[in-house]
Amino acid sequence: MYKIKPKLIVLLLVAMGFSIAASAQAESFEFSLEEAQNYAIKNSYMSISADKDVQIADKKVLETIGTGLPQINASANYQKYVQTPLSLIPASAFGGPEGEFAEVFLGTEQQMGINLRAEQLIFNGSYIVGLQAAQTYLQLSKNDKKKSDIEVKNMVTVAYGNALVAMRNVEILKGNVKSLEQSAFEIGELYKSGFAEEQDKDQIDLTLANVKNTQEQAVRSVDVVYNQLKFILGMDISSTLGLKDDLEKVTILSSSEEYLTKEFDVASHIDYQIINTQEKATSLLLKQEKSTTLPSLSAFYNLSSNAFSNEFDFLDNKRFYNGQLVGLNLNIPLFSGFGRMTRIQQAKLNVEKIEVAKKQVEQQLAINAQNSKSQYTFALSQYKTTEANLELAQRIYNKTKIKYEEGISSSLELTQANNQLLDSQGNYIQAAFQLIQAKSNLDQALNQ
């Protein structure tokens, strides 16, 4: 009877494991633009990193709070004299002659002890400022997360629109190829029957070949833009991605002029909120430097227990001698060689510097809002123009094709009309993408 070799079984199991793993990784997704944005905010690499920064900042607050809570430490020690030190005491203490000394060994050869120390901060100006700074650091991280979410949404919008444009380009070229193939077939039949010239046939064949080549390039570009979108979304490249929205829907959502009437509120912009928080952090640094001139006060409690012996028998119910100590530590800074004063002066200059930066950000955001509105207005106008031009080019091509079929127009005129239609179609989808991009940039500038 035929037997399956053990190695073959192992190989089959490994192959099955790879197959199962591959099928588990190759997930399938289908998103509208809004769903893609929401997915990216949770799963994109940028969003996850920003989320981790918020968590780190939150732990930093707890760490700072912990420095003001009781600090308790325990320690243990053991020591043994390799050579016991000799001590000299007056011999008269033992009834000996005056002026002479007796050699004696004081203490034991071995010693073991444990120590417990607890400290509690009572007042420290730097600690109070540190708590405020930790909260400010947390707010900075949260602001960065909000800014990251806005940037991710913008990136998803552009990548989503780019994917729609790539697919629409393939559809347009596919339709052109089909139409040209029909024309090439008809003129080929006419040429065979002697009712068409060879030049007309060659002209149509050349146009068809060029459009097919362009179509092949467009098909390859779809995979590229889809992989880019998957990367921005934080998806595995092997996953399947479908888009619910089409180019018309996304373009219509981007073509409303109501966005141009929205007032720009610089105070609500995330970049302005970030610079505000940075200003607060810089002021706290100045406050921190000033707090170093204040005294600090802490209390402590110390418990020690020691045992002594000439043999290592500390674990045999050996007697330990306890000692306890409580006290206060007061530290008063008096003079630091002018170092403290110069650090305070530097902190003041940094506060003045951040005030200038805040004014700069305010002006820059206002300029960006105006520029984005202007670019959006131009993109909207271009889109409407190319849309009208596309309809006109389509009518010209349809009429030229009818005339060509009736023998009124030449193949050259048909080719020119087809090229004009292709250019209009390309201009239209490019204008649609620029409108989507301009709308996304406007949203970002207006902090939508």
Side-chain angles (χ1 to χ4, degrees), residues 26-41 43-44 152-182 207-256 376 379-380 382-391 393-394 397 418-441 443:
E27 297 181 87
S28 180
F29 300 90
E30 188 176 14
F31 295 133
S32 66
L33 175 57
E34 184 178 358
E35 290 170 344
Q37 291 172 337
N38 294 333
Y39 181 90
I41 288 175
N43 299 279
S44 69
V152 166
K153 289 180 66 176
N154 181 55
M155 292 168 61
V156 170
T157 300
V158 174
Y160 197 101
N162 202 18
L164 293 177
V165 165
M167 288 192 300
R168 173 52 62 86
N169 194 33
V170 171
E171 292 174 5
I172 289 174
L173 291 170
K174 184 178 179 181
N176 276 273
V177 167
K178 185 177 180 180
S179 178
L180 286 171
E181 284 177 339
Q182 180 64 29
T207 303
L208 176 60
N210 289 334
V211 175
K212 279 185 175 180
N213 182 58
T214 304
Q215 182 192 15
E216 291 176 1
Q217 294 177 357
V219 170
R220 287 193 293 268
S221 70
V222 170
D223 290 335
V224 175
V225 295
Y226 261 74
N227 286 338
Q228 181 64 26
L229 178 56
K230 290 177 185 178
F231 177 77
I232 294 173
L233 291 172
M235 292 172 49
D236 190 275
I237 300 299
S238 62
S239 300
T240 303
L241 176 61
L243 307 184
K244 293 181 181 179
D245 294 338
D246 55 24
L247 186 61
E248 282 72 20
K249 182 176 181 180
V250 176
T251 305
I252 290 172
L253 292 173
S254 303
S255 58
S256 175
Y376 175 75
L380 184 59
Q382 284 291 99
Y383 171 72
K384 292 179 178 179
T385 300
T386 56
E387 188 178 29
N389 290 342
L390 176 59
E391 294 177 0
Q394 186 67 57
Y397 175 77
N418 183 78
N419 291 338
Q420 189 175 17
L421 177 60
L422 282 174
D423 289 340
S424 298
Q425 290 168 337
N427 291 337
Y428 169 73
I429 60 176
Q430 184 63 30
F433 175 70
Q434 289 176 351
L435 178 60
I436 294 171
Q437 191 173 32
K439 168 58 170 55
S440 180
N441 292 337
D443 284 342

query = Who pairs with N210 by side-chain contact (heavy atoms from CB on, under 4.5 Å), at least two apart in sequence or on another chain?
reply = L206
query = Do the side chains of L233 and L241 get nearer than 4.5 Å, heavy atoms only?
reply = yes
message = Restricting to side-chain contact (heavy atoms from CB on, under 4.5 Å), what partner residues turn up for K212, sequence neighbours left out?
response = V177, E181, L208
key: Residues that Y383 engages under ring-ring contact (aromatic ring centres under 6.0 Å, His included), provided they are two or more places apart   = Y428
key: Shortest non-hydrogen contact between S254 and L435, atoms and distance   = O-CD1, 3.8 Å
inquiry  = Let me confirm one number: the CG-OG1 distance from L380 to T251, rounded to the nearest 0.5 Å.
reply    = 11.0 Å
ask   = Measuring from K153:NZ to I41:CD1, what's the distance to the nearest 0.5 Å?
value = 5.5 Å
ask   = How would you list, by chain and number, every residue that makes a side-chain hydrogen bond (donor to acceptor under 3.5 Å, both in side chains) with E248, sequence neighbours excluded?
value = R168
key: From OG (S221) to CE (M167), nearest 0.5 Å   = 11.0 Å
query = Run the side chain to side chain contact (heavy atoms under 4.5 Å, CB included) check on I252 and K249 step by step: do they pass?
reply = CA-CA 5 Å; I252 290 172; K249 182 176 181 180; 5.9 Å; no
remark   = side-chain hydrogen bond (donor to acceptor under 3.5 Å, both in side chains) filter on Q425, not counting sequence neighbours, yields N176
message = Using every non-hydrogen atom in the two residues, find where L173 and V211 come nearest and quote the distance to one decimal.
response = O-CG1, 4.1 Å
query = How far does OG1 of T386 sit from CG of D423, to the nearest 0.5 angstrom?
reply = 12.5 Å
Nearest non-hydrogen partners of G161 and I436, listed with the distance = CA-CD1, 4.3 Å
ask   = Pairs in or reaching into residues 217-232: which pass salt bridge (Lys or Arg N to Asp or Glu O under 4.0 Å), with residues at least two apart or in two chains?
value = none
query = What pairs of residues pass the side-chain hydrogen bond (donor to acceptor under 3.5 Å, both in side chains) test when at least one of them lies in residues 155-164, not counting sequence neighbours?
reply = Q37-T157
inquiry  = Please enumerate all residues that pass side-chain hydrogen bond (donor to acceptor under 3.5 Å, both in side chains) together with Q182, with sequence neighbours excluded.
reply    = E186
key: N389 side chain near N427 side chain, heavy-atom distance below 4.5 Å   = no
key: Point-to-point distance, once rounded to the nearest 0.5 Å, from OH of Y397 to CG of N418   = 5.0 Å
task = Apply side-chain contact (heavy atoms from CB on, under 4.5 Å) to S32 and list each qualifying residue two or more places apart in sequence or on a separate chain.
result = E34, E35, K244, D245
task = Using side-chain contact (heavy atoms from CB on, under 4.5 Å) as the criterion, list what pairs up with S424, not counting sequence neighbours.
result = L390, A393
ask   = Between atom CD1 of I429 and atom CD1 of I172, what is the distance when rounded to the nearest 0.5 Å?
value = 5.0 Å
Residue pair L243 / E30: nearest heavy atoms and the distance that separates them = N-CG, 4.4 Å
request  = Specify the closest pair of heavy atoms between I232 and A40, including all atoms of both residues, with the distance to one decimal.
outcome  = O-CB, 4.3 Å
task = Check Y226 against A163 and note the closest heavy-atom contact, atom names and distance.
result = CE1-CB, 4.1 Å
key: Under the ring-ring contact (aromatic ring centres under 6.0 Å, His included) test, residues paired with F31 that sit two or more places apart   = F29, Y39
inquiry  = Quick check: do L247 and V165 have side-chain heavy atoms less than 4.5 Å from each other?
reply    = yes
note = For Q217, the side-chain hydrogen bond (donor to acceptor under 3.5 Å, both in side chains) test, sequence neighbours excluded, returns none
